[in-house]
Structure formats: C-alpha cells, structure tokens
Amino acid sequence: MQKKIVVGNLKMNPVSVVEFERYLDALEKELKGKEFEKTEIVVCPPVVFLQKLLNRDIKNIKAGVQDVFWEYQGAFTGQISAGMVKSAGATFAIVGHSERRKYFGENEEIINLKLKAILKNGLNAILCIGESAEERKKGQTSQVLKKQLKGCLAEIAPGKLEYISIAYEPIWAVGTDKIPTSDEILEAKIIIKKALAEMYFVKSAEKMRLLYGGSVKSNCAEQVCLDPAMDGVLVGRESLMPYEFVKIAILIDEN
Ligand code: 13P
C-alpha cells in the first residue's frame, strides 16, 4: 500500500528569501512533535528557494519542484532539468499544472516529454489534469480527462506508474474557493480509473495515487479527499499557511 500524500504547491510565493525563511520557521514549528504514519508531505517552493528547504531537513517534509524542462542539458535559457532537480536532492516534480497550460502554452505533448524526463531521472511525478468550467458545462469532462491522460501518459511503461500521482484539479476550482461535491470528485475518479484501465492492466494502474486539488482547505478536506476516498491533496494557497497546511495533513493522516 502506498502512503497518502499531501502536496503544497507554493506557486510564485513567497516574495523573498527572508519571507521564505520565515515560512520554514513556521512550518518547522507546526510539525514539531507530530508523526505522520500514513502520509507523505511534500513542499514545492519556487526553485530559487529549493536549497533552503533541503538544507533545513525538516522531519516529515519532502521537497519538490513545480516544473522541469525535458532536455538533459544545453542551450535552453531559463530552464531547469529533471536531472538538476534530482541532483539537488528534491524527490518530486509537479507537471502539467493548469497555470502552465494557461500561461506557457503547455499541451499534452510537452507534458508527456516532461513526465518522461521526470521519471527517467528517478523523481516522482505529480501529474495535473482537469476540465475547465466551460468544458464541464458542455458535458465534456470525461472526454477532456481521458484525452489529457492518454496524451500525457503516452509511452509511459507500466513499471513507472507507481512513481506517478495523478492530481485531479478542475480548473474552475483552482484559486476560486469553489469546490466540487464529493460525488463530482467520485465521478471524476471513476472516469480516471476507467481511462487508466483502458491504457494499462488494472493492477499496474492501481499503483498510481489519485489526488484532488483546487481550493483545498482544512474545513473541506473531508469533502474533497476523505469522502471520495482520494489518496491525498494538492494544496495551493493554504500551503502558504503552515498552520493550515499541517492541519490538512493531520486530518488526512488520521482518517
Ligand atoms: P488553490 O489551492 O490556491 O486553489 O490552488 C490549487 C492549485 O493549483 C494547486 O496546484
């Protein structure tokens, strides 16, 4: 049985090294004396702060990044490779986030290349998928999720699936304080499981953890994670508040 997983995506926050150090102080304080038997906790800061996080070596905290580039090295100004991330000591990488699709034009082909680089370099991937409000309204949720899964997971061998967590992040729930009902998450979960079963043997597909992301708070952890029996959550804004973030992790670990 894989552990559950709570991932904090700090996005482009906080705004300075000083503030990040303060954040780490608070996180360390919140985690003091707490044990997490069944849950991994991952923090994905902006890459410039990654080493600060790793140097603290906070008990129960693993480090990840929010993106990687697919090439190994070379003339790719501004990019960071999965190998670099691995060698720095991080163990997770988010890939395919809807904000990267929106602002940087990432599509399934690009996400697939990045995912392959992540796995090749021995990192764990958190692959984000999700429909827009418009697509949901038009009844296209199932079709969209299937297309994203097929494209993103193209040529990924079954043996690699245990290193991938799928985060179902409906775009309309990201940063909006709107959350799906437990039933809607359960429906998405079934769509995802069915799509995966078409692509792989069920036994291999079941090795992937399935997370929910989008406006997760401690007061809705039950609705978005525990009720629909998801394997964890991907947290945005609330992960910037150590007290709330740790509260979410405790709730998930204890249930
Ligand atoms: P919020 O939790 O701020 O809605 O962000 C969700 C998200 O995009 C996590 O990756």
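In each ligand, atom 1 is the first atom listed, and ligand 1 is the first ligand listed. What's counted below: heavy atoms across the whole structure, side chains too, no hydrogens, waters or symmetry copies.
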(request) Flag the pair Glu28 and Arg56 as a salt bridge only when some basic side-chain nitrogen lies within less than 4.0 angstrom of an acidic carboxylate oxygen. (result) yes

(request) Output yes when the distance from some N or O of ligand 1 to some N or O of Gly175 is under 3.5 Å, and no in every other case. (result) yes

(request) Could you see which bit of Val174 sits under 4.0 Å from ligand 1, with heavy atoms only: side chain, backbone, both or neither? (result) both

(request) Run the salt-bridge test on Glu35 and Lys59 with the 4.0 Å N-O cut-off and return the result as yes or no. (result) yes

(message) For atom 2 (O) of ligand 1, what is the closest protein heavy atom, and at what distance to 0.1 Å?
(response) Gly236 N, 3.0 Å

(request) Considering heavy atoms of the protein only, find what lies nearest to atom 5 (O) of ligand 1 and give residue, atom and distance to 0.1 Å. (result) Lys11 NZ, 3.1 Å

(request) For the pair Phe20 and Phe49, name the ring-plane relationship: parallel under 30°, tilted 30 to 60°, perpendicular over 60°. (result) parallel

(message) Check this for me - ligand 1, Ser215, N or O atoms closer than 3.5 angstrom, yes or no?
(response) yes

(request) Heavy-atom contacts with Asn9 under 4.0 Å: which atoms of ligand 1 show up? List them by number with element. (result) 9 (C), 10 (O)

(request) Distance to 0.1 Å, residue and atom name: give those for the protein heavy atom nearest to atom 7 (C) of ligand 1. (result) Glu169 OE2, 3.1 Å

(request) Determine, step by step, whether His97 and Glu106 satisfy the side chain to side chain donor-acceptor pair (under 3.5 Å) criterion, reporting the C-alpha distance in whole Å, the side-chain angles of both residues, the deciding distance to 0.1 Å, and the verdict. (result) CA-CA 9 Å; His97 193 279; Glu106 291 194 8; over 6 Å; no

(message) Only heavy atoms of His97, strictly under 4.0 Å: list the atoms of ligand 1 that pass.
(response) 7 (C), 8 (O), 9 (C), 10 (O)

(request) For a side-chain contact (heavy atoms from CB on, under 4.5 Å) with Ile111, tell me which candidate from Gln148, Lys116, Arg100, Arg101 qualifies. (result) Arg101

(message) Here's a test for you: under salt bridge (charged side-chain N to carboxylate O under 4.0 Å, His left out), which of Glu108, Glu131, Glu109, Glu135 qualifies with Lys147?
(response) Glu108

(request) Considering only NZ, NE, NH1 and NH2 on the basic side and carboxylate oxygens on the acidic side, decide whether Lys189 and Asp183 come within less than 4.0 Å. (result) no

(request) Measure the distance from atom 3 (O) of ligand 1 to every protein heavy atom, then report the residue, atom name and distance (to 0.1 Å) of the closest one. (result) Arg237 NE, 2.7 Å

